[in-house]
2 protein chains.
Amino acid sequence: MPAPKSPRASTPSAPATASPARATIADVAREAGVSKATVSRFLNHRDTLLTPDIAARVERAVSALGYSPSPMAQALKRGRSRLIGLVVADVTNPYSVAVLRGAEQVCQEAGYLVMLFNLGNDSGREREAMAALASYQVEGFILNTLGRDPEAAAEATRQGRPVVLVDRRHSGMQADFVSLDNAQAVQMALTHLQAQGWRELLYVTEPVRGVSSRTEREAAFRAGCHPSQQGEGRAALSGQTFESQEARPEAPDAPVLALMAALQALRERAAGRPAAVLSSNSVVTLRLSAAMARLGWQWGRELGLVGFDDTDWAPHVGPGISTIAQPTHDLGRLAANCLLERLRGLSLAPRQILLPGTLVARGSSRAPANPEALRQEPTPP
Amino acid sequence: MPAPKSPRASTPSAPATASPARATIADVAREAGVSKATVSRFLNHRDTLLTPDIAARVERAVSALGYSPSPMAQALKRGRSRLIGLVVADVTNPYSVAVLRGAEQVCQEAGYLVMLFNLGNDSGREREAMAALASYQVEGFILNTLGRDPEAAAEATRQGRPVVLVDRRHSGMQADFVSLDNAQAVQMALTHLQAQGWRELLYVTEPVRGVSSRTEREAAFRAGCHPSQQGEGRAALSGQTFESQEARPEAPDAPVLALMAALQALRERAAGRPAAVLSSNSVVTLRLSAAMARLGWQWGRELGLVGFDDTDWAPHVGPGISTIAQPTHDLGRLAANCLLERLRGLSLAPRQILLPGTLVARGSSRAPANPEALRQEPTPP
DNA sequence: TTGTACGCGTTATCAG
DNA sequence: CTGATAACGCGTACAA
């Protein structure tokens, strides 16, 4: 048996002590005394029977050299890269992180790796992100972006790679969609607030700007609140919507000031009836809390509160913040699974997967001290 | 001028309406009527002068076809993949996310993409993570892991790829290290607590288990607190350390119960002198807050608190939680920059970059009601 | 059943 | 200055 030639002998200038660079399929073939094709078959088409003798030799060589095929070369050859592109509007958002976690887990289990692209809230770069990811031959996309870049939709379909949308729909895009059931969630929150005796409501959201989840939540709120019917005898909720501005560098607390004004207006409108706020996500909830602190008010006393997103700090702010918990981890897992199914060839019309939220009741929405509203009939006549 | 041949004409079975798949360098060459080599040179070696005529033709062809080279093929050819591997112990940790953000930003600006691998707190998979990333030819690693997998260090040096460690050192690993200056940060917190009049201290940390940042912080705490010198006339701080257990599924609130006991012991030990807690990170801070709530105690009243990590919710818990803010974003940016410098060929001994923390004083550490301790001399004789 | 030869998209080398 | 050619590591028709 001939002594195996030293690997990488082709470059004479390389020092003999060079790191034992990755073994290639050729190395394995040489070591096992077979052809590259045989090694390749052994790895990819185990069903095609090989002579037990040969198979054993290859197997031994593979483990001896610690060989594993180069995904790069594989991708080049067969187009499949075992890579998933994940584009996120803002990694700072705990929601996005949870999705990332779920998706990454599923992908890893399936032998895929996730390439992350963070937009850093610069939604204009969505197309750029997809192009960058695509250049690495990612096999599909999971998009948790604002969905406001029309070019992104075009880019996706043009590339012909499957796409799964998480939380935000993209107008012109044919794709699976995974999200919280926003209508159900809002309705659940409203029912809870009403049952607790809160009557006058304010929905606080970031600027809607066509972002689907924001639109849906606001619409559900409007539908659930009979606006300004406070004259009637029914125990109906009345409510309004307020768009909290983004924080701008020049006037960092302008949004808080605006929020304070809105909260004061809310209580005036309520005219003694218990008033509460529904917050569209955890960022808004924090901003609201800042406004409350500046006003010297406390959740559950001057105002009630239910907020989207059950963060880990929610129990510890004020009397505990009541939240709508999203099954974020499952959303991420489902998104990844959808994508993997498509990659396995599943060809269905775009699916919609809507998961219900859960209400976590805490102090911020407990029955208000003023029992006035409770004298009303809870059920319509 | 001949009509350009339809791309991908080689496969007759492909439908004519197939998506216009990425243009290759061959397409450009054909379009421009030059050789592939010329196109390649035009792109990579602009310094090598080309005939203006030819250069113009190539340029036109490139933009006409919207050509951009395939990083995959480039990686295959030259080993460099323009990929950075980022391994994170736990994406759920806001600290890790901040690092991720900073690093990703710098990498993107430099034309690199980040491949993320989340360990999900399973530190045993560190080696696996690095191997997976390495198979995609990542050019270097940023590691924010526990640093307890000795094989990981071996793997890294064996691969000969540059590594930057963030926040946690790895014992046997030759690598740049970027982190908060833990000694400075702890000392700063202790000085603040002492100045505010807190005398008996407890340091609460997750189990140290050889994790470098935990070790360093605990050591700094011990050094800054003269343990149990309460008999002396000096206004020295005395303190102890407590390791908060991990939450286990069977007994989810066992850690909180243990914490409650520890806090009660602390106050007994203090015997009337103001007692405060230093928390090793935001997760521990939250657990501490849970214990406080169960005890019916409030930060800044029954106990003082300073906690590592200035999260966005810190101002809104209780009277506001005093924190040690880490320059997380800069840490991420610096880590990435270190790596990029190494990739550009910088060959220096491993560097250590320690950034100072900032104290954000809030209600939880304001001077305690009991002014007893304030009568002591603030400066030693 | 196994080996040979080619091509995936690039880049580097060597002629011309 | 430019073009042909080989090679990177791998998978797969095709031939043996």
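Chain naming here is simple, since letters A, B, ... match the order of the sequence lines and numbering starts at 1 in each.
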- prompt: Can you name the one residue among A:D167, A:V164, A:L339, A:N337 that meets side-chain contact (heavy atoms from CB on, under 4.5 Å) with A:V178?
  reply: A:V164

Looking only at side-chain atoms of [X], point me to the closest of [options].
{"X": "B:I25", "options": "D:dG3, C:dT11, D:dG9", "result": "C:dT11"}
{"X": "A:Q74", "options": "D:dG11, C:dA12, C:dT2", "result": "D:dG11"}
{"X": "A:Y67", "options": "C:dT2, D:dC10, C:dG3", "result": "D:dC10"}
{"X": "B:T24", "options": "C:dT2, D:dA4, C:dT10", "result": "C:dT10"}
{"X": "B:S70", "options": "D:dC10, C:dT1, C:dG9", "result": "C:dG9"}

message: Can a donor-acceptor pair be found, under 3.5 Å and without considering hydrogens, that links the side chain of A:D27 to the backbone of A:A23?
response: no

message: Checking the side chain of B:R169 only, and the main-chain atoms of B:G147 only, is there a donor and an acceptor separated by less than 3.5 Å?
response: no

- request: Check if the side chain of A:K77 and the base of D:dT12 share a donor-acceptor pair of N or O atoms closer than 3.5 Å.
  value: no

field: Protein-nucleotide distance (B:R80, atom CZ; C:dT10, atom C1'), rounded to Å
entry: 13 Å

- line: Whole-Å distance, A:R41 CZ to D:dA13 C1', equals 11 Å

message: Go nucleotide by nucleotide along DNA chain C from the 5' end; which of B:V39 and A:L50 gets its closest nucleotide reached first?
response: A:L50

